[in-house]
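Encoded as C-alpha coordinates, the structure appears first; notes follow it.
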Amino acid sequence: MFDLNTCIRKNILDLQPYRCARDDFSEGILLDANECSFGSVINDCGIEYNRYPDPRQNDLKRRFCDLRNKEHPLAKPLKPENMVVGVGSDEIIDSLIRISCVPGKDKILACPPSYGMYSVSAKINDVQVVNVLLKPNFDLDIDAVYDTLSKDNSIKLVFTCSPGNPTAKALKLDDVKKLLAHPTWNGIVVVDEAYIDFASPEKTAISLVNDYPNLAVCQTLSKSFGLAGIRIGFCLTNPDIAAIMNSLKAPYNISQPTSSLAIKALSPESVSKMYEHRDRALTQRDRLCKEITAIPGVGKIIGGLDANFILVQVLSKPVNGVPSNDVARFVYLKMATDHKVVVRFRGTEPMCEGSLRITVGTESEVTAVLDTFRRTLEEYYSKN
Ligand SMILES: Cc1ncc(COP(=O)(O)O)c(C=O)c1O
(Lines give C-alpha, C1' and ligand atoms only; values in the text may rest on other atoms or scores of the structure.)
Protein backbone atom coordinates (compact mmCIF):
# COMPACT_ATOMS: atom_id res chain seq x y z
CA MET A 1 0.00 0.00 0.00
CA PHE A 2 1.65 3.21 -1.14
CA ASP A 3 2.17 6.00 1.37
CA LEU A 4 4.25 8.90 0.07
CA ASN A 5 5.08 10.11 3.58
CA THR A 6 6.81 6.89 4.54
CA CYS A 7 8.14 5.90 1.12
CA ILE A 8 10.12 9.12 0.61
CA ARG A 9 13.21 9.74 2.80
CA LYS A 10 12.44 11.99 5.73
CA ASN A 11 15.28 14.44 5.02
CA ILE A 12 13.92 14.88 1.48
CA LEU A 13 10.33 15.40 2.66
CA ASP A 14 11.62 18.05 5.08
CA LEU A 15 13.75 19.74 2.42
CA GLN A 16 13.30 23.47 1.86
CA PRO A 17 14.24 23.80 -1.83
CA TYR A 18 16.72 26.47 -2.89
CA ARG A 19 14.89 29.64 -3.81
CA CYS A 20 16.12 32.64 -5.72
CA ALA A 21 14.67 36.12 -6.30
CA ARG A 22 13.89 35.06 -9.86
CA ASP A 23 11.35 32.56 -8.63
CA ASP A 24 9.25 35.65 -7.84
CA PHE A 25 10.53 38.35 -10.24
CA SER A 26 12.09 37.70 -13.64
CA GLU A 27 11.73 40.98 -15.53
CA GLY A 28 13.39 44.39 -15.37
CA ILE A 29 16.91 45.31 -14.28
CA LEU A 30 18.20 41.96 -13.09
CA LEU A 31 20.82 42.49 -10.41
CA ASP A 32 19.82 39.61 -8.14
CA ALA A 33 21.96 36.67 -9.26
CA ASN A 34 25.50 38.05 -9.66
CA GLU A 35 25.45 37.41 -13.41
CA CYS A 36 27.45 39.51 -15.89
CA SER A 37 25.28 42.47 -16.93
CA PHE A 38 27.62 43.28 -19.85
CA GLY A 39 26.55 40.19 -21.79
CA SER A 40 28.37 36.94 -22.44
CA VAL A 41 31.70 36.69 -24.20
CA ILE A 42 30.02 34.78 -27.01
CA ASN A 43 26.98 35.88 -28.93
CA ASP A 44 25.22 33.00 -30.57
CA CYS A 45 21.68 32.22 -31.77
CA GLY A 46 20.14 35.06 -29.77
CA ILE A 47 20.41 33.12 -26.49
CA GLU A 48 21.21 35.19 -23.40
CA TYR A 49 24.03 33.02 -22.13
CA ASN A 50 24.82 35.49 -19.36
CA ARG A 51 21.53 34.67 -17.58
CA TYR A 52 20.80 31.58 -15.52
CA PRO A 53 18.27 29.31 -17.25
CA ASP A 54 14.67 28.82 -16.13
CA PRO A 55 14.80 26.44 -13.13
CA ARG A 56 11.27 25.13 -13.81
CA GLN A 57 11.41 24.62 -17.60
CA ASN A 58 7.65 25.18 -17.79
CA ASP A 59 7.60 25.96 -21.51
CA LEU A 60 9.47 22.74 -22.32
CA LYS A 61 7.22 20.72 -19.97
CA ARG A 62 4.05 22.15 -21.52
CA ARG A 63 5.21 21.30 -25.04
CA PHE A 64 6.15 17.76 -24.10
CA CYS A 65 2.78 17.23 -22.39
CA ASP A 66 1.00 18.66 -25.45
CA LEU A 67 2.80 16.16 -27.67
CA ARG A 68 2.03 13.13 -25.53
CA ASN A 69 -1.58 14.25 -24.89
CA LYS A 70 -2.09 14.65 -28.64
CA GLU A 71 -0.61 11.23 -29.37
CA HIS A 72 -2.58 9.53 -26.58
CA PRO A 73 -5.81 11.36 -25.75
CA LEU A 74 -6.13 10.59 -22.03
CA ALA A 75 -9.07 10.92 -19.67
CA LYS A 76 -6.67 12.71 -17.30
CA PRO A 77 -4.21 14.55 -19.55
CA LEU A 78 -0.61 15.10 -18.49
CA LYS A 79 0.22 18.55 -17.14
CA PRO A 80 3.55 20.30 -16.39
CA GLU A 81 2.93 19.43 -12.68
CA ASN A 82 3.38 15.77 -13.68
CA MET A 83 6.88 16.43 -14.98
CA VAL A 84 10.52 16.59 -13.99
CA VAL A 85 13.18 17.49 -16.57
CA GLY A 86 16.57 15.88 -16.08
CA VAL A 87 20.02 15.84 -17.64
CA GLY A 88 19.05 12.73 -19.58
CA SER A 89 16.93 10.00 -18.04
CA ASP A 90 20.11 8.96 -16.24
CA GLU A 91 19.65 11.97 -13.93
CA ILE A 92 16.00 10.99 -13.41
CA ILE A 93 17.03 7.44 -12.43
CA ASP A 94 19.51 8.81 -9.89
CA SER A 95 16.95 11.27 -8.53
CA LEU A 96 14.33 8.54 -8.01
CA ILE A 97 16.85 6.55 -5.98
CA ARG A 98 17.90 9.59 -3.96
CA ILE A 99 14.36 10.62 -2.98
CA SER A 100 13.37 7.17 -1.76
CA CYS A 101 16.34 5.04 -0.68
CA VAL A 102 18.22 5.65 2.56
CA PRO A 103 21.91 4.86 1.78
CA GLY A 104 23.14 1.70 3.47
CA LYS A 105 19.58 0.64 4.36
CA ASP A 106 17.09 0.61 1.50
CA LYS A 107 17.11 -1.35 -1.77
CA ILE A 108 15.95 -1.23 -5.34
CA LEU A 109 14.65 -4.16 -7.37
CA ALA A 110 15.82 -4.62 -10.96
CA CYS A 111 14.80 -7.22 -13.53
CA PRO A 112 17.82 -8.35 -15.58
CA PRO A 113 18.62 -8.44 -18.38
CA SER A 114 18.06 -4.72 -18.17
CA TYR A 115 19.66 -1.29 -18.44
CA GLY A 116 22.88 -1.18 -16.43
CA MET A 117 22.47 2.29 -14.94
CA TYR A 118 19.83 1.18 -12.41
CA SER A 119 22.37 -0.83 -10.46
CA VAL A 120 25.26 1.59 -11.12
CA SER A 121 23.19 4.50 -9.77
CA ALA A 122 22.06 2.37 -6.82
CA LYS A 123 25.65 1.44 -5.96
CA ILE A 124 26.81 5.07 -6.22
CA ASN A 125 24.13 5.88 -3.64
CA ASP A 126 25.12 2.92 -1.42
CA VAL A 127 21.80 1.25 -2.15
CA GLN A 128 21.57 -2.54 -2.58
CA VAL A 129 20.11 -4.13 -5.67
CA VAL A 130 17.77 -7.11 -5.52
CA ASN A 131 17.59 -8.84 -8.90
CA VAL A 132 14.57 -10.81 -10.06
CA LEU A 133 15.22 -12.10 -13.56
CA LEU A 134 12.76 -11.56 -16.39
CA LYS A 135 11.09 -14.73 -17.64
CA PRO A 136 12.86 -16.52 -20.53
CA ASN A 137 10.44 -14.76 -22.92
CA PHE A 138 11.57 -11.42 -21.36
CA ASP A 139 8.23 -10.64 -19.73
CA LEU A 140 8.25 -9.62 -16.07
CA ASP A 141 8.22 -12.61 -13.74
CA ILE A 142 5.33 -10.98 -12.01
CA ASP A 143 4.77 -13.67 -9.36
CA ALA A 144 8.44 -13.65 -8.34
CA VAL A 145 8.59 -9.82 -8.20
CA TYR A 146 5.32 -9.71 -6.27
CA ASP A 147 6.57 -12.25 -3.70
CA THR A 148 9.91 -10.49 -3.28
CA LEU A 149 8.13 -7.20 -2.61
CA SER A 150 5.81 -8.87 -0.10
CA LYS A 151 8.80 -10.14 1.88
CA ASP A 152 11.13 -7.13 1.81
CA ASN A 153 9.81 -3.73 2.80
CA SER A 154 13.24 -2.12 2.43
CA ILE A 155 12.78 -2.25 -1.37
CA LYS A 156 11.66 1.23 -2.34
CA LEU A 157 11.80 1.15 -6.13
CA VAL A 158 11.16 -1.41 -8.84
CA PHE A 159 12.97 -0.53 -12.07
CA THR A 160 11.36 -1.93 -15.20
CA CYS A 161 12.33 -1.12 -18.74
CA SER A 162 9.75 -1.09 -21.54
CA PRO A 163 10.74 -1.63 -24.30
CA GLY A 164 13.60 -3.36 -22.53
CA ASN A 165 17.27 -2.79 -23.12
CA PRO A 166 18.73 -5.17 -24.30
CA THR A 167 15.54 -7.20 -24.81
CA ALA A 168 13.77 -4.77 -27.20
CA LYS A 169 10.48 -6.09 -25.78
CA ALA A 170 7.72 -3.94 -24.30
CA LEU A 171 6.24 -5.16 -21.01
CA LYS A 172 2.59 -6.00 -20.51
CA LEU A 173 0.73 -3.07 -18.96
CA ASP A 174 -1.34 -5.55 -16.93
CA ASP A 175 1.87 -6.70 -15.20
CA VAL A 176 2.82 -3.10 -14.43
CA LYS A 177 -0.68 -2.49 -13.03
CA LYS A 178 -0.36 -5.54 -10.76
CA LEU A 179 2.85 -4.13 -9.27
CA LEU A 180 1.31 -0.68 -8.83
CA ALA A 181 -1.57 -2.22 -6.90
CA HIS A 182 0.55 -4.42 -4.59
CA PRO A 183 -1.45 -4.58 -1.33
CA THR A 184 1.43 -4.41 1.17
CA TRP A 185 4.52 -3.03 -0.58
CA ASN A 186 5.25 0.68 -0.14
CA GLY A 187 7.28 1.83 -3.11
CA ILE A 188 7.46 3.38 -6.56
CA VAL A 189 7.27 1.46 -9.85
CA VAL A 190 9.56 2.96 -12.49
CA VAL A 191 8.86 2.22 -16.15
CA ASP A 192 11.79 3.35 -18.28
CA GLU A 193 10.38 4.11 -21.73
CA ALA A 194 13.53 5.39 -23.44
CA TYR A 195 12.56 3.51 -26.64
CA ILE A 196 8.77 3.91 -26.47
CA ASP A 197 8.43 5.84 -29.74
CA PHE A 198 9.56 2.71 -31.60
CA ALA A 199 6.80 0.57 -30.05
CA SER A 200 3.10 0.62 -30.88
CA PRO A 201 1.30 3.47 -29.11
CA GLU A 202 -0.85 1.40 -26.73
CA LYS A 203 2.26 0.03 -25.00
CA THR A 204 3.12 3.20 -23.09
CA ALA A 205 2.37 3.44 -19.36
CA ILE A 206 1.78 7.21 -19.45
CA SER A 207 -1.97 6.57 -19.53
CA LEU A 208 -1.60 5.25 -15.95
CA VAL A 209 0.35 8.20 -14.53
CA ASN A 210 -2.66 10.08 -13.18
CA ASP A 211 -4.40 6.93 -11.97
CA TYR A 212 -1.68 5.71 -9.60
CA PRO A 213 0.22 7.62 -6.89
CA ASN A 214 3.35 5.45 -7.26
CA LEU A 215 4.23 5.30 -10.96
CA ALA A 216 7.20 7.08 -12.53
CA VAL A 217 7.60 6.83 -16.31
CA CYS A 218 10.98 7.91 -17.73
CA GLN A 219 11.23 9.16 -21.29
CA THR A 220 14.02 10.88 -23.20
CA LEU A 221 14.88 12.96 -26.25
CA SER A 222 18.03 10.83 -26.73
CA LYS A 223 16.61 8.09 -28.92
CA SER A 224 13.70 8.76 -31.33
CA PHE A 225 14.35 12.53 -31.35
CA GLY A 226 18.03 12.00 -32.12
CA LEU A 227 19.18 14.37 -29.38
CA ALA A 228 21.43 12.18 -27.22
CA GLY A 229 24.01 14.97 -27.38
CA ILE A 230 21.93 17.61 -25.60
CA ARG A 231 20.99 15.48 -22.54
CA ILE A 232 17.27 15.81 -21.84
CA GLY A 233 15.19 13.20 -20.04
CA PHE A 234 11.76 13.41 -18.47
CA CYS A 235 9.95 11.83 -15.58
CA LEU A 236 6.16 11.66 -15.89
CA THR A 237 4.66 10.98 -12.50
CA ASN A 238 2.14 11.93 -9.89
CA PRO A 239 2.36 15.69 -9.05
CA ASP A 240 3.38 14.89 -5.44
CA ILE A 241 6.38 12.81 -6.52
CA ALA A 242 7.23 15.37 -9.24
CA ALA A 243 7.24 18.18 -6.65
CA ILE A 244 9.62 16.22 -4.44
CA MET A 245 11.97 15.41 -7.34
CA ASN A 246 11.89 19.04 -8.47
CA SER A 247 12.82 20.22 -4.99
CA LEU A 248 15.82 17.87 -4.91
CA LYS A 249 17.34 18.76 -8.29
CA ALA A 250 20.02 21.40 -8.78
CA PRO A 251 18.09 24.60 -9.62
CA TYR A 252 19.69 25.17 -13.03
CA ASN A 253 20.26 21.57 -14.13
CA ILE A 254 19.03 22.23 -17.69
CA SER A 255 21.22 24.70 -19.57
CA GLN A 256 19.77 27.47 -21.70
CA PRO A 257 21.07 26.10 -25.06
CA THR A 258 19.80 22.61 -24.19
CA SER A 259 16.40 23.96 -23.22
CA SER A 260 16.07 26.03 -26.44
CA LEU A 261 17.06 23.06 -28.58
CA ALA A 262 14.61 20.78 -26.76
CA ILE A 263 11.79 23.31 -27.27
CA LYS A 264 12.66 23.45 -30.99
CA ALA A 265 12.63 19.64 -31.10
CA LEU A 266 9.00 19.68 -29.98
CA SER A 267 7.80 21.98 -32.80
CA PRO A 268 5.36 20.32 -35.24
CA GLU A 269 8.05 20.23 -37.97
CA SER A 270 10.61 18.55 -35.70
CA VAL A 271 8.05 16.04 -34.40
CA SER A 272 7.15 15.12 -38.02
CA LYS A 273 10.85 14.58 -38.65
CA MET A 274 11.02 12.33 -35.58
CA TYR A 275 8.13 10.22 -36.94
CA GLU A 276 9.83 10.10 -40.34
CA HIS A 277 13.14 8.91 -38.80
CA ARG A 278 11.24 6.40 -36.68
CA ASP A 279 9.48 4.98 -39.74
CA ARG A 280 12.76 4.71 -41.59
CA ALA A 281 14.32 2.91 -38.61
CA LEU A 282 11.38 0.48 -38.49
CA THR A 283 11.75 -0.28 -42.21
CA GLN A 284 15.47 -0.96 -41.75
CA ARG A 285 14.76 -3.01 -38.62
CA ASP A 286 12.45 -5.32 -40.59
CA ARG A 287 15.07 -5.66 -43.30
CA LEU A 288 17.87 -6.29 -40.77
CA CYS A 289 15.85 -9.01 -39.02
CA LYS A 290 14.97 -10.74 -42.27
CA GLU A 291 18.44 -10.64 -43.78
CA ILE A 292 20.53 -11.31 -40.68
CA THR A 293 18.65 -14.47 -39.78
CA ALA A 294 19.36 -15.81 -43.29
CA ILE A 295 23.14 -15.71 -42.61
CA PRO A 296 24.50 -19.18 -41.79
CA GLY A 297 25.44 -19.27 -38.10
CA VAL A 298 22.97 -16.62 -37.00
CA GLY A 299 20.33 -17.99 -34.63
CA LYS A 300 17.13 -16.38 -33.44
CA ILE A 301 16.23 -12.79 -32.81
CA ILE A 302 15.61 -13.14 -29.09
CA GLY A 303 13.32 -10.66 -27.39
CA GLY A 304 10.97 -8.30 -29.10
CA LEU A 305 10.64 -5.91 -31.98
CA ASP A 306 9.62 -2.82 -30.03
CA ALA A 307 12.83 -0.76 -30.18
CA ASN A 308 15.43 0.64 -32.59
CA PHE A 309 17.74 -2.31 -31.99
CA ILE A 310 17.61 -6.08 -32.11
CA LEU A 311 19.15 -8.79 -29.96
CA VAL A 312 20.39 -11.64 -32.10
CA GLN A 313 22.03 -14.98 -31.30
CA VAL A 314 25.24 -16.22 -32.87
CA LEU A 315 25.77 -20.00 -33.03
CA SER A 316 28.72 -22.32 -32.47
CA LYS A 317 28.39 -23.87 -35.97
CA PRO A 318 26.61 -22.82 -39.16
CA VAL A 319 24.45 -25.96 -39.01
CA ASN A 320 22.89 -27.35 -35.81
CA GLY A 321 24.86 -24.92 -33.66
CA VAL A 322 23.98 -23.64 -30.20
CA PRO A 323 24.29 -20.03 -28.95
CA SER A 324 27.97 -19.32 -28.34
CA ASN A 325 29.65 -16.50 -26.46
CA ASP A 326 33.02 -17.40 -28.01
CA VAL A 327 31.67 -16.83 -31.50
CA ALA A 328 29.69 -13.72 -30.49
CA ARG A 329 32.77 -12.19 -28.83
CA PHE A 330 34.87 -12.97 -31.89
CA VAL A 331 32.32 -11.36 -34.23
CA TYR A 332 32.03 -8.31 -31.97
CA LEU A 333 35.79 -7.70 -31.76
CA LYS A 334 36.58 -8.53 -35.36
CA MET A 335 33.82 -6.33 -36.75
CA ALA A 336 34.95 -3.40 -34.61
CA THR A 337 38.69 -3.73 -35.26
CA ASP A 338 38.85 -4.88 -38.89
CA HIS A 339 35.70 -3.32 -40.30
CA LYS A 340 35.00 -0.41 -37.92
CA VAL A 341 31.44 -1.63 -37.41
CA VAL A 342 30.64 -1.50 -33.71
CA VAL A 343 27.79 -3.50 -32.18
CA ARG A 344 27.34 -4.54 -28.53
CA PHE A 345 28.23 -7.95 -27.06
CA ARG A 346 25.50 -8.89 -24.57
CA GLY A 347 26.30 -12.59 -24.14
CA THR A 348 27.06 -12.35 -20.42
CA GLU A 349 23.60 -11.01 -19.58
CA PRO A 350 21.19 -13.61 -18.17
CA MET A 351 19.37 -15.58 -20.89
CA CYS A 352 21.36 -13.77 -23.58
CA GLU A 353 24.04 -16.42 -24.27
CA GLY A 354 25.73 -15.81 -27.62
CA SER A 355 23.90 -12.55 -28.26
CA LEU A 356 24.80 -9.28 -29.89
CA ARG A 357 22.70 -6.13 -29.69
CA ILE A 358 22.60 -4.25 -32.96
CA THR A 359 21.23 -0.72 -33.32
CA VAL A 360 19.23 -0.20 -36.51
CA GLY A 361 21.20 2.16 -38.70
CA THR A 362 20.61 3.83 -42.05
CA GLU A 363 20.13 1.72 -45.17
CA SER A 364 23.86 1.80 -45.97
CA GLU A 365 24.82 1.07 -42.34
CA VAL A 366 22.51 -1.94 -42.31
CA THR A 367 24.08 -3.11 -45.58
CA ALA A 368 27.52 -2.73 -43.97
CA VAL A 369 26.57 -4.60 -40.79
CA LEU A 370 25.01 -7.47 -42.78
CA ASP A 371 28.00 -7.74 -45.07
CA THR A 372 30.63 -7.68 -42.30
CA PHE A 373 28.56 -10.04 -40.13
CA ARG A 374 28.42 -12.63 -42.90
CA ARG A 375 32.12 -12.31 -43.71
CA THR A 376 33.24 -12.42 -40.07
CA LEU A 377 31.17 -15.51 -39.33
CA GLU A 378 32.52 -17.25 -42.47
CA GLU A 379 36.04 -16.44 -41.29
CA TYR A 380 35.39 -17.88 -37.82
CA TYR A 381 33.84 -21.12 -39.08
CA SER A 382 36.59 -21.63 -41.68
CA LYS A 383 39.22 -21.49 -38.90
CA ASN A 384 37.42 -23.42 -36.14
C1 LIG B 1 16.73 1.90 -21.15
C2 LIG B 1 17.50 3.16 -21.14
N3 LIG B 1 17.17 4.11 -20.27
C4 LIG B 1 17.84 5.27 -20.21
C5 LIG B 1 18.90 5.51 -21.06
C6 LIG B 1 19.65 6.79 -20.92
O7 LIG B 1 18.95 7.80 -21.55
P8 LIG B 1 19.42 9.30 -21.50
O9 LIG B 1 20.26 9.55 -22.69
O10 LIG B 1 18.12 10.06 -21.53
O11 LIG B 1 20.17 9.51 -20.21
C12 LIG B 1 19.30 4.55 -21.98
C13 LIG B 1 20.44 4.79 -22.87
O14 LIG B 1 20.94 3.96 -23.58
C15 LIG B 1 18.58 3.33 -22.02
O16 LIG B 1 18.91 2.36 -22.87
Side-chain angles (χ1 to χ4, degrees), residues 57 60-61 64 67-68 83-98 108-122 124 129 131 134 138-140 157-171 176 188-199 203-206 215-237 245 249-250 253-255 258-259 261-262 265-266 274 277-278 281 285 303-311 342-346 349-350 352 355-361:
Q57 296 296 330
L60 174 57
K61 287 177 184 169
F64 193 72
L67 170 68
R68 291 319 194 199
M83 287 192 68
V84 186
V85 187
V87 180
S89 10
D90 285 340
E91 189 187 34
I92 300 291
I93 293 164
D94 182 68
S95 165
L96 284 161
I97 295 175
R98 289 205 286 157
I108 67 156
L109 187 147
C111 300
S114 195
Y115 182 48
M117 277 308 284
Y118 313 139
S119 44
V120 171
S121 252
I124 291 168
V129 183
N131 284 317
L134 294 175
F138 297 140
D139 280 338
L140 282 177
L157 291 168
V158 173
F159 277 98
T160 68
C161 190
S162 178
N165 175 7
T167 67
K169 184 170 183 181
L171 300 175
V176 174
I188 299 169
V189 178
V190 183
V191 184
D192 182 346
E193 294 192 343
Y195 301 96
I196 198 65
D197 290 316
F198 301 101
K203 298 197 174 172
T204 177
I206 57 168
L215 171 64
V217 178
C218 305
Q219 297 193 349
T220 179
L221 296 186
S222 293
K223 308 296 178 181
S224 55
F225 282 85
L227 287 169
I230 72 166
R231 312 305 299 130
I232 285 278
F234 302 112
C235 183
L236 299 152
T237 186
M245 291 174 73
K249 75 174 185 64
N253 62 332
I254 304 302
S255 77
T258 290
S259 164
L261 289 168
L266 296 170
M274 181 273 275
H277 287 178
R278 187 234 3 234
R285 185 185 67 196
L305 292 176
D306 294 316
N308 66 336
F309 55 88
I310 59 166
L311 190 63
V342 186
V343 297
R344 190 94 198 262
F345 172 66
R346 296 280 78 188
E349 295 291 313
C352 295
S355 72
L356 293 167
R357 194 191 68 197
I358 307 175
T359 307
V360 176

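Whatever order the structure lists them in is the order used to number ligands and atoms, beginning at 1.
Contact detail for S222 and R231: the closest heavy-atom pair is OG-NH1, 3.4 Å.
One N or O on the side chain of S162 and one on the backbone of L171 form a donor-acceptor pair closer than 3.5 Å. Judged purely by atom type and a 3.5 angstrom limit, T220 uses its side chain to pair as donor or acceptor with the backbone of I232. Of the possible polar contacts, one joining the T237 side chain to the L215 backbone as a donor-acceptor pair under 3.5 Å is found.
Annotation for ligand 1: atoms under 4.0 Å from non-hydrogen atoms of S222 are 8 (P), 9 (O), 10 (O). Atoms of ligand 1 lying under 4.0 Å from any heavy atom of R231, numbered from 1 in the order shown and given with element: 8 (P), 9 (O), 11 (O). The T220 neighbourhood of ligand 1 comprises atoms 8 (P), 10 (O), with distances under 4.0 Å to a heavy atom of that residue.
Taking atom 12 (C) of ligand 1 as the reference point, the nearest protein heavy-atom neighbour is Y115 CZ, 3.4 Å.
For K223, the heavy-atom gap to ligand 1 drops under 4.0 angstrom. The shell of residues lying under 4.0 angstrom from ligand 1, judged by heavy atoms, includes C161. Residue E91 places no heavy atom under 4.0 Å from ligand 1.
Donor-acceptor pairing under 3.5 Å is recorded for the side chains of Y115 and D90. Residues E193 and T204 bring a donor and an acceptor atom of their side chains to less than 3.5 Å of each other. Side-chain polar atoms of R278 and N308 form no donor-acceptor pair below 3.5 angstrom.
Contacts between D192 and ligand 1 below 4.0 angstrom, taking non-hydrogen atoms only, involve the side chain exclusively.
Of all the listed residues (A307, S89, G88, A194), S89 holds the heavy atom that lies closest to atom 7 (O) of ligand 1.
Between Y118 and ligand 1, no N or O atom pair is found at a separation short of 3.5 Å.
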